[in-house]
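Working notes, beginning with the structure itself.
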Number of protein chains: 2
Amino acid sequence: MAITIRDVAREAEVSVATVSRALNGRENVAAAVRAHVQEVATRLRYVPHSAARSLITRRTQTIGALLPDMHGEFFSELIRGIDRAARGQGYHLLLSSSHGDAGETAAALQAMLGRVDGLLIMSPHADPGFIERHLPEDLPAILLNPVHGHTRLSALAVDNRAGAYAMTRHLLHCGHREIAFIGGPRGNLDAEERLQGCLEALRELLPQSTPQLVAGDFSEESGYRAGSLIARQSPRPQAIFAANDSMAIGCLFALTEAGLRVPDDIALAGFDDIPTARFTQPPLTTVRVRIADLGGRALDQLVADIANGGVAQTHSVQMLAPELVLRASCGMHSHAAAAPTRNPDTVSKKRAQAGPATQGKPQPAPRHR
Amino acid sequence: MAITIRDVAREAEVSVATVSRALNGRENVAAAVRAHVQEVATRLRYVPHSAARSLITRRTQTIGALLPDMHGEFFSELIRGIDRAARGQGYHLLLSSSHGDAGETAAALQAMLGRVDGLLIMSPHADPGFIERHLPEDLPAILLNPVHGHTRLSALAVDNRAGAYAMTRHLLHCGHREIAFIGGPRGNLDAEERLQGCLEALRELLPQSTPQLVAGDFSEESGYRAGSLIARQSPRPQAIFAANDSMAIGCLFALTEAGLRVPDDIALAGFDDIPTARFTQPPLTTVRVRIADLGGRALDQLVADIANGGVAQTHSVQMLAPELVLRASCGMHSHAAAAPTRNPDTVSKKRAQAGPATQGKPQPAPRHR
DNA sequence: GCGCGGAATGTAAACGTTTCCATATGGCTT
DNA sequence: AAGCCATATGGAAACGTTTACATTCCGCGC
């Protein structure tokens, strides 16, 4: 690190200005000189001091990702998507996850302030007030899964409503009439939207029916409890739609334990398509969310906003349509679910796939080395 | 961002030096002045320009993580561990994952060079030659899961051998005599070490036996193929030890499909304890690797090295002991496996736990929000 | 009463870039 | 042949901070 542009200039017998121009690919430098400078630079293993550079250019070539404390596949997929896009755009990724409360989140945001050209924010605490208080006006930022209606910031979100709508529609098309919905933590917007989508489809296709609502909190435990509850009922609903896969899996355990066969005695569907969903008995019908896409698109948009000189002109809210993944647990995997009328071409369909070796399913790459 | 230390100085009617001292908590500044400066700084929403700061201090307060292209829980756990430790140490985390070949990895490393105070490296390409060529002498770095014997760099790794040794020992104690081992991709060191551990235990406890080696590549597909192969054999081995959980799960599918009951007809064990392992039928006995710990400890060590003035004095190799997770698939979950004699107290044991609602198992936090 | 030491504060240099502006070197037009 | 313009290069300012060094101020011992 000791070697600077001055050393290169001296060695190449030109001025620092010329070195800078040559290395940054500016036009007005003779081809021979440029080649020579480059040769010297690589020979000396010169690497520009990025702090000095960003001091003057006011650019860090870094974007920050502010994420909540998350576990599992969702998190890693999101980062994968963001990281890949960042690399593609020539940006670095400064990551800050693992903050529990609003204070920590604010501190993390604060700490990033001078170091990034833009921010990707995914946080339960990122309501308009928080943003107002902690985010500088002139720092481009994009929200992931916005909690509330933000006016200032663009946002990308999973279209939970459309996904749940399509899934409910599918369950109804399968012939199930009484549907139980296992909800998520109260106040959780994802869960809320999924419920809304479910209700909407029911209202539309089966106006006279009232779905049974069972409490849950996104944990497998709560799904198990919900499943036990439902298993004891008589009459039972014909289908259960859980607001996420973890609960669906817990529920499946409870149903199986109670001697019920899925889908023959009761149908079951989840939301998220976590990897485990493929391996339950029976494999779980669910709604797939393309998380990596979400992250990648958010980053691309952010970089575009940055290029457009700071703050975005249009604060758009982009909805990413999830797709139905039909497996055995809904009792009708080959059925082609109708796309939601509200959003006709955003929800695609996917053929069922069960066993691991039956055909080319998306196979995670070996993770060791 | 427009507001600098000069603005604060002017507003507070002191010099920039005093502002700097006051804000950085240096001793020699009057208490009243310090308070006043701090008040002004927060009022003006002053945030120091980190590039300017690191230009002069030669510190970025950032560490870089160079990771391979990975999926799933392993990846997210690793990052969680690193991130949490970094936050604790007051460091930022610059992340760069997703590089396929050695060239990309080199480029990613190159791009980080000016921007980090230290590097966490986990890459299949990070052999001594690569390090020699691309890593500056004076940049502290730590290797995760080292591929080869590195002299220059410290390293942290999972003790694959001890884990496999303990698991094999456990299988033998369960009374299984003929054991089949499903291997990983050739050249993969994790897989290699796991096989070694298995062989070692066999050699020690059952010198006359020769384990059956079945090829695999860490994918579920390959596990499925291995399972089909073994299911057709006669006589069959009494237990199968797969080099990772994915293969064990694929294998389990094949065995079930072939009408074999696990563990009654044949026992099965994996390695990694991926989340899915809890939910297979029967739940999978496996070896748990504390990934987040691995990341966190690596970061802590790196920061310590940095504090100790650049390059570490001692290039240590720290082995993280995995623990046995005994579930139903090995046929004897309540059996207390003997710890490996070679490394007596590093491999702990864990009571079996099967269903999702039976007791307090490690429950992933709700991942939405 | 005077100098002296120490604490508090100010001044300015330095970090390594980029870039504005000036200058030199040609070739071309007149 | 003289001037002019375009092009290539160099000199130096600027970015915002930290910190070595200088300065001021004040109390205290002589």
Side-chain angles (χ1 to χ4, degrees), chain A residues 1-38 40-41 44-62 92 111-117 136 138-139, chain B residues 1-38 40-41 44-62 92 111-117 136 138-139:
Chain A
M1 209 62 43
I3 140 147
T4 77
I5 198 175
R6 284 206 150 67
D7 302 315
V8 178
R10 188 175 336 107
E11 182 77 9
E13 298 182 302
V14 293
S15 73
V16 291
T18 300
V19 174
S20 176
R21 279 188 287 254
L23 260 31
N24 289 325
R26 313 296 279 240
E27 277 315 305
N28 47 351
V29 48
V33 175
R34 157 168 295 136
H36 179 221
V37 168
Q38 279 169 338
V40 172
L44 297 189
R45 288 165 166 264
Y46 166 66
V47 31
H49 194 296
S50 58
R53 175 178 284 169
S54 31
L55 178 57
I56 188 127
T57 60
R58 336 264 318 154
R59 282 291 177 82
T60 62
Q61 295 294 22
T62 303
H92 291 261
M112 281 193 164
L113 277 191
R115 323 177 88 92
V116 297
D117 295 340
D138 56 354
L139 185 64
Chain B
M1 211 62 42
I3 141 147
T4 78
I5 199 174
R6 285 207 151 67
D7 303 315
V8 179
R10 190 177 332 109
E11 182 76 10
E13 298 182 303
V14 293
S15 72
V16 291
T18 301
V19 174
S20 175
R21 280 188 284 252
L23 261 31
N24 288 327
R26 313 297 277 245
E27 277 315 306
N28 47 353
V29 48
V33 175
R34 158 169 293 138
H36 179 221
V37 167
Q38 278 169 339
V40 171
L44 297 189
R45 290 163 167 266
Y46 166 67
V47 31
H49 194 296
S50 58
R53 174 177 285 171
S54 29
L55 177 57
I56 188 127
T57 60
R58 337 260 323 151
R59 281 291 177 84
T60 62
Q61 294 295 21
T62 304
H92 291 262
M112 281 192 165
L113 276 192
R115 323 176 88 94
V116 297
D117 295 340
D138 56 354
L139 185 64

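Letters A, B, ... are given to chains in the order of the sequence lines, protein chains preceding strands, and every chain is numbered from 1.
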Do any N or O atoms of the protein come closer than 3.5 Å to N or O atoms of nucleotides 10-12 of chain C, and which pairs are they?
unit_1: C:dG10; atom_1: OP2; unit_2: B:Ser15; atom_2: N; d: 2.7
unit_1: C:dG10; atom_1: OP2; unit_2: B:Ser15; atom_2: OG; d: 3.1
unit_1: C:dG10; atom_1: OP2; unit_2: B:Thr18; atom_2: OG1; d: 2.7
unit_1: C:dG10; atom_1: N7; unit_2: B:Arg21; atom_2: NH2; d: 2.8
unit_1: C:dG10; atom_1: O6; unit_2: B:Arg21; atom_2: NH1; d: 3.2

Quiz prompt | Whole angstrom value for the distance that separates P of C:dT9 from CZ of B:Arg10 | solution = 20 Å

Quiz item: Got a sec, which residues hit side-chain contact (heavy atoms from CB on, under 4.5 Å) with B:Ser20, two or more places apart in sequence or on another chain?
Solution: B:Ile5, B:Asn24

Self-check item: Residues which pass side chain to side chain donor-acceptor pair (under 3.5 Å) with A:Ser54, listed by chain and number, not counting sequence neighbours
Solution: none

Quiz item: Rounded to whole angstrom units, what separation is found between the CZ atom of A:Arg26 and the C1' atom of C:dC20?
Solution: 11 Å

Practice problem: Name the closest nucleotide to the A:Asn28 side chain, picking from D:dT9, C:dA8, D:dT18. | Solution: D:dT9

Self-check item: Rounded distance (Å) that lies between atom C1' of C:dT18 and atom CG of B:Leu55
Solution: 13 Å

Practice problem: State which of D:dT18, C:dG16, D:dT9 makes the closest approach to the side chain of A:Ala30. | Solution: D:dT9

Quiz prompt | Atom-to-atom span, CZ of B:Arg53 to C1' of D:dC15 - whole angstrom | solution = 16 Å

Quiz prompt | Interatomic spacing from NE2 in A:His49 to CZ in B:Arg115 - rounded to 0.5 Å | solution = 11.0 Å

Practice problem: To the nearest Å, give me how far apart CD1 (B:Ile3) and P (D:dG16) are. | Solution: 11 Å

Exercise. Looking at every strand, decide which applies to B:Arg34 at a 4.0 Å heavy-atom threshold: base, sugar-phosphate, or nothing.
Key: nothing

Quiz item: In terms of side-chain heavy atoms of B:Arg58, which of D:dT9, C:dC15, D:dT18 is nearest?
Solution: C:dC15

Self-check item: side chain to side chain donor-acceptor pair (under 3.5 Å) involving A:Gln38 - partner list, sequence neighbours excluded
Solution: none

Practice problem: Could you tell me which residues satisfy side-chain contact (heavy atoms from CB on, under 4.5 Å) with B:Arg6, sequence neighbours excluded, listed by chain and number? | Solution: B:Thr4, B:Val16

Exercise. Quickly work out the B:Ile5 CD1 to D:dC15 C1' distance and round it to whole Å.
Key: 14 Å

Quiz item: How would you list, by chain and number, every residue that makes a side chain to side chain donor-acceptor pair (under 3.5 Å) with B:Ser15, sequence neighbours excluded?
Solution: B:Thr18

Quiz item: To the nearest angstrom, how far is A:Leu23 atom CG from C:dG16 atom P?
Solution: 16 Å

Quiz item: Once you round to the nearest 0.5 Å, how far does CG of B:Leu44 lie from CD1 of B:Ile3?
Solution: 4.0 Å

Quiz item: Atom NE2 of A:His49 to atom C1' of D:dG16: distance rounded to whole Å?
Solution: 14 Å

Quiz item: C:dT18 phosphate, OP1 or OP2: any side-chain N/O from A:Ser20 under 4.0 angstrom?
Solution: yes

Self-check item: Terminal axis angle for the helix from C:dG1-D:dC30 to C:dT30-D:dA1, five pairs an end, nearest 10 degrees
Solution: 60°

Quiz prompt | Within residues 11-21 of chain B or reaching into it, pairs that qualify as salt bridge (Lys or Arg N to Asp or Glu O under 4.0 Å) - sequence neighbours excluded | solution = B:Glu11-B:Arg43

Exercise. Tell me, please, which residues at least two apart from B:Ala111 pass side-chain contact (heavy atoms from CB on, under 4.5 Å).
Key: A:His92

